[in-house]
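Remember, it's 1-based here, ligands and their atoms both numbered in the order they're listed. The shown structure was predicted, so the numbers you read here are calculated from the model rather than taken from an experiment.
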Amino acid sequence: MDFPTFSASTFDGAEFGDGTRCVHGGHPEPATGMPLLGGPVFAAPYHLGGQEQGADFYGRAGNPTWRALETAVGELDGGQCVLLPSGMAAVHTLLRTVLRSGDGLVIPSDGYYATRDLVHDQLADLALDVREVPTPGPWSDELFDGVRLVLLETPSNPGLDVCDIAELARRAHAAGALLAVDNTTATPLGQRPLELGADIALASDTKALSGHSDVLMGHVSVRDEQLAERLRRARTLSGAIPGPFETWLVHRSMGTLDLRLRRQAENAAALVDALRDHPAVTGLRWTGDPHDRDHELASRQMRRFGGVLHFELADAAAVEDFVRRSELVVAATSFGGLHSTVDRRAQFGDPVSGGFVRFSCGCEDPADLVADVLRALDTVTSV
Ligand SMILES: *Cc1c(COP(=O)(O)O)cnc(C)c1O
């Protein structure tokens, strides 16, 4: 019962804009009397009989609701998308599929902490030769020697450092390695790693792509059909599959990704302007800030900037005080949602100071958000 899905990537040879692609991607072609939108398909078994090649037969192996979202996300990434039930399921499925015992693996030392924990405690049986590198480098030639996979995270979470995807892809390929990019912070609208030469783009769609703080999801997109098939097989056999309802929720939410990212970036720009010279704030970074040290490189490889920034207050107590006094900003981990949130990353073990705040701009009105943040910070400064 596959819906013929609409390809929203091109029109008369020209590429549709981001908003059009988000609204139309993966949804059914018009058909009289059929629902405008597909809706979730709930099926454990499917009817068998006269089995056509490729027809669905069991819900662990295939589901039309997955394929609808995979079409939409794959078109944005420029590859074949394989959906997984969380960002970590995407990272895990990729590493288990690509790596063999004793392989060399490069991962960021400053990226999402759970990826490092996964490699060191869940993949210990593989006896990998793990090389941890900070996103800004230095990227010495020896790092690439005998490596099977280089995993980048750019912009990195939470540091917002940027590395050159195209250059590192060239060097990884010259050494016979695959290059993967954790694209969570950027989203497929912000950056297309596959176009820059990466073999693999993966993300936690729990963050801005779904963007409503109510569902977890992840995906891996690849250019190579055989690798896509191996990833789908790993999903089927491991049994770690997305639920159809969650998948449908993400697809529904993705329709507004372009609008939400625009507002979040607008809020980030307004906050950066308001906080740049604020006496309580140091170490302010946002990739979209023309003053940011990585802005030039980011502008070359990114298509737009999102709403995640970071800064430091004096200490943990100052952050807690700030959150208590703010009316709009709440403390929560994760980012990319409709609501502005702050996350004091030291509490999760990131190697940052106690006053380090990752600030995820939501979709509130810029004037309201700036006024609220300044009000809450002014009292912090005066204590
Ligand atoms: C959140 C996050 C993940 C993990 O995603 P989940 O959906 O929470 O499993 C992976 N990478 C990055 C960069 C993240 O921010």
Validation row, ring centre His310 to ring centre Phe359 under 6.0 Å: no

Which pair of heavy atoms, one from Asp77 and one from Leu194, lies closest together, and at what distance? O-CD1, 3.6 Å

Phe335: numbered ligand 1 atoms lying under 4.0 Å from its heavy atoms: 15 (O)

Aromatic contact, His47 with Phe57 (centres under 6.0 Å): no

What protein heavy atom sits nearest atom 9 (O) of ligand 1, and how far off is it? Met88 N, 2.8 Å

Out of all atoms in ligand 1, which are within 4.0 Å of some heavy atom of Thr184? Include the element for each. 11 (N), 12 (C), 13 (C), 14 (C), 15 (O)

Atom 11 (N) of ligand 1 [closest protein heavy-atom partner, distance rounded to 0.1 Å]: Asp182 OD2, 2.7 Å

Nearest-neighbour protein heavy atom for atom 7 (O) of ligand 1, which is reported as residue plus atom name and distance: Thr206 OG1, 2.6 Å

Salt-bridge contact Arg131-Asp129 (side-chain N to carboxylate O under 4.0 Å): yes

Pair Glu229 + Arg232: basic N to acidic O under 4.0 Å: yes

Using a strict cut-off of 4.0 Å, indicate which atoms of ligand 1 neighbour a heavy atom of Asn157. 14 (C), 15 (O)

Where ligand 1 meets Glu153 - atom numbers and elements under 4.0 angstrom, heavy-atom basis: 13 (C)

What protein heavy atom sits nearest atom 2 (C) of ligand 1, and how far away is it? Lys207 NZ, 2.5 Å

